[in-house]
Amino acid sequence: MTLTPETPDAEKSTRSAVSSPPISDSKQPHSGQSDIFFAAVKTTRMPMIVTDPRQSDNPIVFCNEAFSFMTGYSEDEILGTNCRFLQGPETDRDVVAQIRAAIDRRDEIAVELLNYRKNGSTFWNALFVSPVYDDAGELVYFFSSQLDISRRREAEDALHEAQKMEAVGKLTGGIAHDFNNLLQVIIGYSDILEARVDQGDRSGRRAVEAIAAAAARGATLTQQLLAFARKQELRDRLLNFNQLIEDFRPILNRTAGDGVVLRQRLEENLWNCRIDPVQAEMALLNIVTNAREAIARTDHRGEITITTRNMIQSADQPEGPANLDAGEYVVVRVADDGPGIDAQIADKVFDPFFTTKEMGKGAGLGLAMVYGFMRQSGGLAAVEPSEAGGTALSLYFPRAAAGTSERRSVPVQPARSGGAERVLMVEDQDDVGDLGKSMLEDLGYDVVLTRSAREALDHLSRDSDFQLLFTDILMPGGMNGVALAQAVRRDYPRLGVLLTTGYADEAIDEGARSYELIRKPYRRAELNERIRAVLDRPGART
């Protein structure tokens, strides 16, 4: 612990000599209340106490009203006791030992300590203790100031958690992007092999199908990782969460299972929010699944309650979590009456691959996906452990701004089976580029492969007779696929554009919204469908 910024320098003046008044009452430090020092301490808003080390167990002999108010104890309950009555099960014993050692040495000390109020609630206490000497240099009192810094500690913890999750998210997103490129090669070539393996070669077809199935599971895993990293594509629209819950209720009931009662308490005039309904349903499904499994660890019977309400988060007096920005929110709370979760691991439940389940029973990505989806949606997910049992998880969705309109997708014509058009492909990864070229040629297209946006533009300046630009979004060289697409749309307006990526970024995706997009890893048939959607659109060049 370090000296806290709230500790006034003036408190150090208590080390200077003061007159030692006679102690006529063990609960009073002096015979009258006229002494200017004690009069000032009595009236200050900062909680303060004085202890008498000359008495057995160094009891408190003076406290001001601010200390009584902070702890919830009356003056009669405080005076004559040792300060340890504020300690509890989660009080750091190492910090207590530091305080005891400083008192034995008669040194001043400043620490931060978790203390307990009379009602059992905890608060973080910025504690400053200093010895007080008389004119003869004899120790007569220990003076102690206190300060409830719980709000500051909560904000610091929330910031630390956010920084940790942001760092893990960036690492996870980068890994998932690279993994998607590897899966693209596996899935792509398995599709090519499947088309070429003889129908009578049953063992060969089974091998190809097994490769494709394993790769598909890997693709699902990367999508979960991207969800946590907030790098998935969200197709948000304006909706009311009460309606989403009502429509999704049959699936939630089946997920809860027999013996679990699913209840709902939905606020009547719930605000609308703008979110991806599919991802919202998956988030709700993951939470209910976790609640069901928690209940199953007891007697397999219990209740899950889904509650919705409107909430205004104030910067001055926040009602929600400390790290939730001020604003208007739709709150969706899912609570169960299972055994609960240990407060010591509550801050880990959103970490990727963290799970309390047995080996092989879960990947630990369900709540990580929920966390990523909420942050990408501009909101927050928070867990609420309870010592009395049961766990509640709350989702905070930003209220939709008034006057927002739906994003409408551009209608496309039904896809044809293939074509012989010329395609300019841009992919900086050699193996992915070679695969893409093979897939496109296998579909009948005439393909020219380039490795960067600049190389593609140079090629177009010499030969612009292409019907489609098929480009990756993330590329080195200072120009990404979106910027390339914008340049092509400006200089070659008749050239169709199809973008691809195994990664998602809000800034990039915003610029990519006006183009057709296919996510890696894609299948051979899906690629052809997206190409035809671009080339067969009314007004496209053929």
Task: Salt bridge present between Arg152 and Glu112 (N-O < 4.0 angstrom) - done: yes
- [ ] Kindly indicate whether the side chain of Leu284, heavy atoms from C-beta on, has any atom under 4.5 Å from the side chain of Leu252.
- [x] yes
Task: 4.5 Å side-chain heavy-atom contact, Ile295 and Ile304 - done: yes
Task: Residues Arg451 and Glu427 bridged, charged N to O under 4.0 Å - done: no
Open item on the list: Determine whether a donor-acceptor pair (N or O, by modelled atom type, separation under 3.5 Å) exists between the side chain of Thr305 and the backbone of Gln264.
Closed with: no
Open item on the list: Let me confirm one number: the CG-CD1 distance from Leu262 to Ile306, rounded to the nearest 0.5 Å.
Closed with: 4.5 Å
Task: Leu238 and Ile275, any side-chain heavy atoms less than 4.5 Å apart - done: no
- [ ] Taking Arg292 for its side chain and Thr255 for its backbone only, find out whether a donor-acceptor pair lies under 3.5 Å.
- [x] yes
Task: Leu440 and Ile531: CA distance, side-chain angles, deciding distance, side chain to side chain contact (heavy atoms under 4.5 Å, CB included) verdict - done: CA-CA 10 Å; Leu440 291 170; Ile531 291 176; 3.2 Å; yes
Task: Side-chain heavy atoms of Trp271 within contact of Asn240, under 4.5 Å - done: no
Open item on the list: If you compare all heavy atoms of Gly302 against all heavy atoms of Asp337, which two are closest, and at what distance to 0.1 Å?
Closed with: CA-OD1, 3.4 Å
Task: Heavy-atom check, side chain of Val448 versus side chain of Val423, under 4.5 Å - done: no
- [ ] Evaluate whether atom CZ of Arg399 has more than 12 neighbouring non-hydrogen atoms of other residues, nucleotides or ligands under 6.0 angstrom away.
- [x] yes
- [ ] May I ask you to check whether Gln313 and Glu328 show a side-chain donor-acceptor distance below 3.5 Å?
- [x] no
Open item on the list: I need the minimum non-hydrogen distance between Phe466 and Leu495, along with the two atoms involved.
Closed with: O-CD1, 3.2 Å
- [ ] Under the side chain to side chain contact (heavy atoms under 4.5 Å, CB included) rule, what do Leu517 and Arg519 come out as? Steps first, then yes or no, please.
- [x] CA-CA 7 Å; Leu517 176 68; Arg519 295 282 176 184; 3.6 Å; yes
Task: Side-chain donor or acceptor of Thr500 paired with backbone N/O of Ile518 under 3.5 Å - done: yes
TODO: Heavy atoms only: give me the nearest Ala382-Pro321 pair and the separation to one decimal.
DONE: CB-CG, 3.8 Å
Open item on the list: Using 0.5 Å steps for rounding, measure from the CG atom of Leu239 to the CG atom of Leu244.
Closed with: 6.0 Å
TODO: Mind checking the CG-CG spacing from Asn480 to Asp428? Nearest 0.5 Å is all I need.
DONE: 11.5 Å
TODO: For residues Tyr329 and Phe397, establish whether the separation of their ring centroids is below 6.0 Å.
DONE: no
TODO: Would you tell me whether Asp247 and Gln243 have side-chain atoms, one donor and one acceptor, within less than 3.5 Å of each other?
DONE: yes
- [ ] Taking all heavy atoms of Ala326 and all of Ser314, pick out the closest pair and write down the distance.
- [x] CB-C, 4.4 Å
Open item on the list: When you compare the side chain of Arg523 with that of Leu527, does any pair of heavy atoms fall below 4.5 Å?
Closed with: no
Task: Test log, rule side chain to side chain contact (heavy atoms under 4.5 Å, CB included), inputs Leu468 and Leu424 - done: CA-CA 6 Å; Leu468 180 72; Leu424 178 61; over 6 Å; no
Task: Spatial distance of atom CZ (Arg309) from atom CZ (Phe241) [nearest 0.5 Å] - done: 14.5 Å
TODO: Show the numbers, then the answer: is there a side chain to side chain donor-acceptor pair (under 3.5 Å) between Asn242 and Thr308?
DONE: CA-CA 7 Å; Asn242 283 354; Thr308 63; 2.8 Å; yes
Open item on the list: Which heavy atom of Ser394 sits nearest to which heavy atom of Arg333, and what is that distance?
Closed with: OG-CG, 3.4 Å
Open item on the list: Against Leu395, only a single residue in Ile287, Leu380, Val331 fulfils side-chain contact (heavy atoms from CB on, under 4.5 Å); can you say which?
Closed with: Ile287
TODO: With rounding to the nearest 0.5 Å, note down the distance linking CG in Leu498 to CE in Met425.
DONE: 10.0 Å
- [ ] Step by step, work out the side chain to side chain contact (heavy atoms under 4.5 Å, CB included) result for Met439 and Asp442.
- [x] CA-CA 5 Å; Met439 291 177 72; Asp442 198 51; 5.6 Å; no
- [ ] To the nearest 0.5 Å, tell me how far Gln429 CD sits from Asp434 CG.
- [x] 11.0 Å
- [ ] Locate the shortest heavy-atom distance separating Glu516 from Ala533; write the atom from each residue and the value.
- [x] OE2-CB, 4.4 Å
TODO: Taking the side chain as every heavy atom from C-beta outward, state whether Leu484 and Leu469 have any pair of such atoms under 4.5 Å apart.
DONE: yes
Task: Test item: Arg422 side-chain N/O and Tyr445 main-chain N/O as donor-acceptor pair under 3.5 Å - done: no
Open item on the list: Tell me if a side-chain donor or acceptor on Glu421 pairs with a main-chain N or O of Gln467 at a distance below 3.5 Å.
Closed with: no
Task: Working for side chain to side chain donor-acceptor pair (under 3.5 Å), residues Arg524 and Asn528 - done: CA-CA 6 Å; Arg524 178 176 179 272; Asn528 189 58; over 6 Å; no
- [ ] Could you tell me whether the side chain of Val426 reaches within less than 4.5 Å of the side chain of Phe470, counting heavy atoms only?
- [x] no
